[in-house]
2 protein chains.
Amino acid sequence: MRIGELAEASSTTTKTLRFYEEAGLLPAPNRTASGYRDYDPDVVARLNFIRRSRTAGLSLAQIREVLDIRDSGSAPCQHVHELLEDRLAGLDRQIAELQALRATVAQLRDAATSVEPADCDPVLVCRYL
Amino acid sequence: MRIGELAEASSTTTKTLRFYEEAGLLPAPNRTASGYRDYDPDVVARLNFIRRSRTAGLSLAQIREVLDIRDSGSAPCQHVHELLEDRLAGLDRQIAELQALRATVAQLRDAATSVEPADCDPVLVCRYL
DNA sequence: CTGGACCTTCCAGTGCAGGGGAAGGTCAAG
DNA sequence: CTTGACCTTCCCCTGCACTGGAAGGTCCAG
């Protein structure tokens with residue numbers, strides 16, 4: 001199939017497909033006599049995997065690791081499990097940070113609710129921040 | 001004071017100070033006869049404000065809005081209050097998204113805990129993702 | 001044979017907040 | 001008078017995942 005068809009079948013763009021090839025996520029496809037990329041329909045499944053992984057918040061570099069393991073002939077199960085553990089830990093850290101920040105911002109907002117411009121020193125710009 | 005002293009006094013770098021000037025966050029300072037920037041010590045307070053605002057997660061563009069209001073002679077209280085409200089709403093949205101993602105990733109990880117490489121179709125790369 | 005849809009490569013830009021480093025000027029100490 | 005620390009402007013680079021566009025080749029219908 002041609003790149004446009006693959007883009008449609010995988011709900012992405014031709015730009016992204018060429019970019020993924022360049023980034024090592026997709027193998028270089030066969031070419032027609034005139035130089036057009038000619039994809040194996042299996043690539044759709046690979047792109048679906050990439051999309052699911054992106055949805056889970058994995059980076060292209062991490063996805064490439066998994067693909068490389070699979071392409072080397074091994075099952076990437078173990079690595080995928082580790083990646084998911086790491087991602088989970090990262091999410092927990094990120095959520096905790098945002099919640100702490102949320103508490104800080106909520107305090108600032110509360111302080112700024114009773115606005116007293118007269119008390120503000122122009123040099124400090126704003127005493128509520 | 002020279003740019004190096006100001007950088008030290010405000011715990012930042014000369015690079016950042018020139019960048020802030022370029023970005024319209026700091027007014028262009030006086031120059032010495034030889035062209036060196038010669039800052040008013042008041043700028044330290046302004047930089048502290050910028051740092052506090054950054055800590056609250058405001059973008060340089062948002063901070064510049066506040067500074068522009070202050071520099072135009074008005075008190076930016078009202079605008080700051082709105083910014084903080086918006087920031088809070090944004091944080092709540094972001095936290096909710098991350099928590100939903102966390103739940104998804106946790107499910108994936110649980111599924112991937114009992115690893116059965118034999119069940120994985122290489123074309124799908126990994127049936128747990 | 002012409003038009004339009006598709007394809008190719010290559011280069012550059014997006015947003016964010018700076019950082020790196022070159023080439024050259026300035027200032028104070030020794 | 002030289003050394004070294006500091007300053008100036010200038011332009012490019014970083015990370016991330018693409019996106020836009022130019023210049024040109026290919027394929028098929030009418």
Side-chain angles (χ1 to χ4, degrees), chain A residues 1-26 28-40 43 46-67 83 86-87 90-91 94 98 101, chain B residues 1-26 28-40 43 46-67 83 86-87 90-91 94 98 101:
Chain A
M1 61 201 311
R2 282 175 311 173
I3 196 168
E5 298 174 90
L6 178 59
E8 175 121 4
S10 57
S11 300
T12 178
T13 66
T14 60
K15 281 285 187 187
T16 298
L17 293 175
R18 292 194 197 93
F19 172 73
Y20 280 179
E21 180 181 334
E22 176 71 15
L25 294 161
L26 293 182
N30 293 326
R31 298 291 181 129
T32 66
S34 58
Y36 285 18
R37 287 175 178 78
D38 185 19
Y39 290 95
D40 185 307
V43 176
R46 192 178 178 98
L47 283 164
N48 283 336
F49 168 76
I50 294 174
R51 194 170 37 68
R52 293 194 306 277
S53 303
R54 291 285 303 134
T55 302
L58 298 184
S59 69
L60 294 189
Q62 291 175 316
I63 298 169
R64 187 175 45 218
E65 288 175 11
V66 176
L67 291 168
L83 270 181
D86 288 356
R87 181 79 187 108
L91 281 170
Q94 216 178 333
L98 286 180
L101 182 54
Chain B
M1 57 201 314
R2 283 176 312 173
I3 196 170
E5 297 174 272
L6 178 59
E8 175 120 5
S10 56
S11 300
T12 180
T13 66
T14 60
K15 280 288 189 187
T16 299
L17 293 175
R18 292 193 197 93
F19 172 73
Y20 282 180
E21 180 181 334
E22 177 71 15
L25 293 162
L26 292 183
N30 293 327
R31 298 290 182 130
T32 66
S34 59
Y36 286 17
R37 287 174 177 78
D38 185 18
Y39 289 97
D40 186 308
V43 175
R46 191 176 178 103
L47 283 165
N48 284 335
F49 168 77
I50 294 174
R51 192 169 39 67
R52 293 195 305 276
S53 302
R54 293 284 303 131
T55 302
L58 299 184
S59 68
L60 294 189
Q62 291 174 316
I63 297 170
R64 187 175 43 220
E65 288 176 9
V66 176
L67 290 169
L83 271 182
D86 288 356
R87 182 78 188 108
L91 280 170
Q94 215 177 333
L98 286 180
L101 182 55

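Sequence lines set the chain letters: A, B, ... in the order given, protein chains first and strands last, and positions in each chain run from 1.
As rounded to whole Å, 19 Å separates atom P of C:dC6 from atom CZ of A:Arg31. One interatomic measurement links the two molecules: CD of B:Glu22 to P of D:dT9, which rounds to 10 Å at whole-angstrom precision. Between the CD1 atom of B:Ile3 and the C1' atom of C:dC27 there is a distance of 17 Å, given to the nearest Å. When the C1' atom of C:dG24 is taken as reference, atom OH of B:Tyr36 falls 11 Å away, rounded to whole Å. Taking atom CZ of residue A:Arg18 and atom P of nucleotide C:dA12, one finds them 18 Å apart after rounding to whole Å. Spacing between atom NZ of A:Lys15 and atom C1' of D:dA17 amounts to 14 Å, rounded to whole angstrom units. Atom CD1 in B:Ile50 sits about 12 Å away from atom P in C:dA17, given to the nearest Å. Here the P atom of nucleotide C:dT9 and the CZ atom of A:Phe19 are 16 Å apart, to the nearest Å.
The side chain of A:Leu60 approaches D:dA17 more closely than any other nucleotide in the set C:dC7, D:dC7, D:dA17.
Residues B:Arg2 and B:Arg37 form no side-chain contact, since every pair of their non-hydrogen atoms from C-beta on lies 4.5 Å or further apart. Contact check for B:Leu83 versus B:Arg87: no side-chain heavy atoms found under the 4.5 Å cut-off. At least one side-chain heavy atom of A:Leu67 sits less than 4.5 Å from a side-chain heavy atom of A:Phe49. Contact annotation: the side chain of B:Ile50 approaches that of B:Leu47 to within less than 4.5 Å [non-hydrogen atoms, C-beta and beyond].
Along DNA chain C, the nucleotide nearest to A:Arg37 and the one nearest to B:Thr16 differ in position, and the one closer to the 5' end is contacted by A:Arg37. Residue whose closest nucleotide on DNA chain D sits further toward the 5' end, between A:Ser34 and A:Thr13: A:Thr13.
The residue B:Thr32 sits apart from the nucleic acid: no heavy atom pair falls under 4.0 Å.
Applying the 4.0 Å criterion to OP1 and OP2 of D:dC18, one finds that A:Arg54 has a side-chain N or O inside that range.
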